[in-house]
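Model, not experiment: these values are computed from the prediction. Only this structure's heavy atoms are used, side chains among them; waters, hydrogens and symmetry mates stay out. Chain naming here is simple, since letters A, B, ... match the order of the sequence lines and numbering starts at 1 in each.
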Amino acid sequence: MSSPVIDITDLSKYYGKTRGIENINLRIDEGEIFGFIGPNGAGKSTTIRILMNLIFPTGGSARIMGMDVIRDTKKIKMQVGYIPSDASAYSSMSVHEFLSYCIRFYEVHNGEQRISELSELFELDLNRQITDLSLGNRKKVSIIQSLLHSPKLLILDEPTTGLDPLMQSVFFELLRSENKKGMTIFFSSHILGEVQMFCKRVAIIKGGKIIKIEDIDNLRKKQLKKVSVEFRDHMITESFGIQSVENVIAGPGNTLSFMYSGNINELINFMSGKKIINLMIEEPSLDEIFLHYYKN
Amino acid sequence: MNRNLFLKEIRRNVFSLTIWMIVITLLIVVTMSFYRTFMENQSKVVGMLSLIPKGALQFKGISNFNDLLSVLGFYSANNVIYMMVLGSIFSIVLSSNILLKEEYDKTAEYLLTRPITRSEIFFSKLSVLFTNVFLLNIVTALAGFICMELVMKGPFSIRAFIILSLYTLLLNILFGSIGLFISTLIKRAKPITTFSIGLVLIFYFIFTLSKITEGAAKIGFISPFRFANVDATNPAYTINIWHLAYFIGISLILTGLSYRIYKRKDIYT
């Protein structure tokens, strides 16, 4: 069995008495696209910041490609690309100056060519000042700088914030192509949809602890939906007699909201026999998913 | 040290350094241009100075009015203390921002995720600080030297001039290390420029107070300005080995502590 690209053992971080993360254990294998999902403040960025040696752990250890993230940080970063959640860069520089500055840290021979290729792909004007860029364009700069040296591992912290849907699609396509060439991807997000779409395995973190590591296929099978129905007539909660309905809450008027994890056709069949004014089926928030699956 | 980072930082600071050089050089040129007028009207000026309390002149290194008649005494009394204050402000502002700016500008996440160790970052930035402080001191000292050569009415001691310049440099480096140390103590990054400038001015104020108030002489030892002797016209003027040890020792200790703290500091943006 090959050694994992990321190997985290009992990793903890406390900020004084405040918990950041607690006894995190995680193992990501070579070539994986691994999702790391949780609500804001769950500990995703803390874990990533330890991996990138921005902050130091209170306990436990983390290794990347078999190397210690504190002791061997320079060697690790030669082979790792990182997209931070906050896409700030040196405002006094132009995009080209910044990317050239970034690439000079690596032993890359075709740096300028790589800058041109990636900036063309993301339709980014290299001559613009970073301070003049919109959030979306700053994000593009952030993405490009992470890929310049063709890293073996890419760590992404909320990478799609600010990117328009078209660019998100270009970005995911590029990641898939890099993954096929062997790049391992560690993808942190609070958006379940993009993790489900892109990743093969996912770790769910909440309150600083990993509560589940699951294959995306298993998560998909659960297909949890949040349903809100406004009936014409009064409907009592108990008469709502179909399987896979949970957490039924009566709202104003004749509205009922509930979580549904069964076959969607069964639900529609049931609804077709009722007089309905309004029906809304949507993705539940992460908190709702956590409450549904992991309340016990 | 990382060459890429060093060159980027040098480029980033070149404008600020140039402005400071121009301002201090202009100050020296303007002040020294009064020297000949001063010499032509020395009896009137000395008469006027005799009305000023002795202590108020002492802090500028004037123990005797005749000191002002020599070009070095004039230069020392009218320029060096301001070169020390302004140079120290330049140095502390630069040093207090050189690491911290990456944090509050949120660029630290880019820098620290490159293949570069914290030691390399620290020493690259430290080299930038020293380079800037050295260049400022060399250019302004050279401006002072040229001005004295142009306006002098008699020889002056180059040795004393070099010692004066060395004290200025040591004081600037000490304030640089103070700024660096304070910046590493800041946990949640925010600019500390105002605080840093305030610190230099407070130390200068303490030094001035200790010189003009007999009862406050001892508090002067809190201030680094107290250890920079500007009495250049004194025939026994030399570099005090204890003062030299003070400047080098404190600078090394603060820089060493800053390095230790930075190596283990959690960086937030």
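Taking CE from A:Met183 and CD1 from A:Ile33, the interatomic distance works out to 10.0 Å, rounded to the nearest 0.5 Å. In this structure, the separation between CD1 on A:Ile185 and CZ on A:Arg176 is 9.5 Å, given to the nearest 0.5 Å.
Annotation: residues 97-105 of chain B contacts chain A through B:Glu102, B:Asp105 [non-hydrogen atoms, separation under 4.5 Å]. Interface residues of residues 41-49 of chain A toward chain B, defined by a heavy-atom distance below 4.5 Å and sorted by number: A:Arg49. Using non-hydrogen atoms only and a strict 4.5 Å limit, the part of residues 54-68 of chain A facing chain B consists of A:Leu54, A:Ile55, A:Phe56. Contact residues of residues 100-110 of chain A toward chain B are A:Tyr101, A:Cys102, A:Arg104, A:Phe105, A:Tyr106 (heavy-atom distance under 4.5 Å).
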Test ring-ring contact (aromatic ring centres under 6.0 Å, His included) applied to A:Phe36 and A:Phe187, step by step: CA-CA 6 Å; A:Phe36 194 43; A:Phe187 186 99; over 10 Å; no
Could you go through the side chain to side chain donor-acceptor pair (under 3.5 Å) check for A:Tyr82 and B:Glu109 one step at a time? CA-CA 9 Å; A:Tyr82 170 60; B:Glu109 278 192 282; 2.6 Å; yes
Walk me through it: do B:Arg12 and B:Glu9 pass the test salt bridge (charged side-chain N to carboxylate O under 4.0 Å, His left out)? CA-CA 5 Å; B:Arg12 190 167 83 170; B:Glu9 288 293 323; 3.3 Å; yes
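A distance-only check finds no donor-acceptor pair linking the side chain of A:Thr131 to the backbone of A:Ser91 [under 3.5 Å]. Distance alone, capped at 3.5 Å, is enough to place a donor-acceptor pair between the B:Asn172 side chain and the B:Thr168 backbone.
Salt-bridge check for A:Arg19 with A:Glu22: failed, with every basic side-chain N at 4.0 Å or more from each acidic carboxylate O. Checked for salt-bridge contact, A:Lys74 and A:Asp72 miss the test: no charged N lies under 4.0 Å from a carboxylate O.
Checked against a 6.0 Å centroid threshold, the rings of B:Tyr167 and B:Phe227 do not count as neighbours. Between B:Phe175 and B:Phe225, the distance separating the two ring centers is shorter than 6.0 angstrom. Here B:Tyr110 and A:Phe98 bring their ring centres to under 6.0 angstrom of each other.
A 4.5 Å side-chain heavy-atom check between B:Phe203 and B:Leu199 finds at least one atom pair inside the cut-off.
Relative to the ring axis of B:Phe221, B:Arg226 places its NZ or CZ within 45° and under 6.0 Å from the centre. Because its NZ or CZ atom is both nearer than 6.0 Å to the ring centre of A:Tyr90 and within 45° of the ring axis, B:Lys8 counts as a cation-pi partner of that residue.
For A:Tyr15, the OH atom counts as densely surrounded, since its 6.0 Å shell holds more than 12 non-hydrogen atoms of other residues, nucleotides or ligands.
A:Gln113 and A:Ser116 share no side-chain donor-acceptor pair at under 3.5 Å. A donor atom on one side chain and an acceptor atom on the other are found under 3.5 Å apart for A:Ser189 and A:Glu194.
The candidate with the highest count of non-hydrogen atom pairs below 4.5 Å against chain A, out of B:Leu111, B:Thr113, B:Ile267, B:Leu112, is B:Thr113.
Neither the backbone nor the side chain of A:Glu97 comes within less than 4.5 Å of any heavy atom in chain B. Using a 4.5 Å cut-off between heavy atoms, A:Ile50 makes no contact with chain B at all. In this structure, the portion of B:Lys263 lying under 4.5 Å from any heavy atom of chain A is its backbone and not its side chain.
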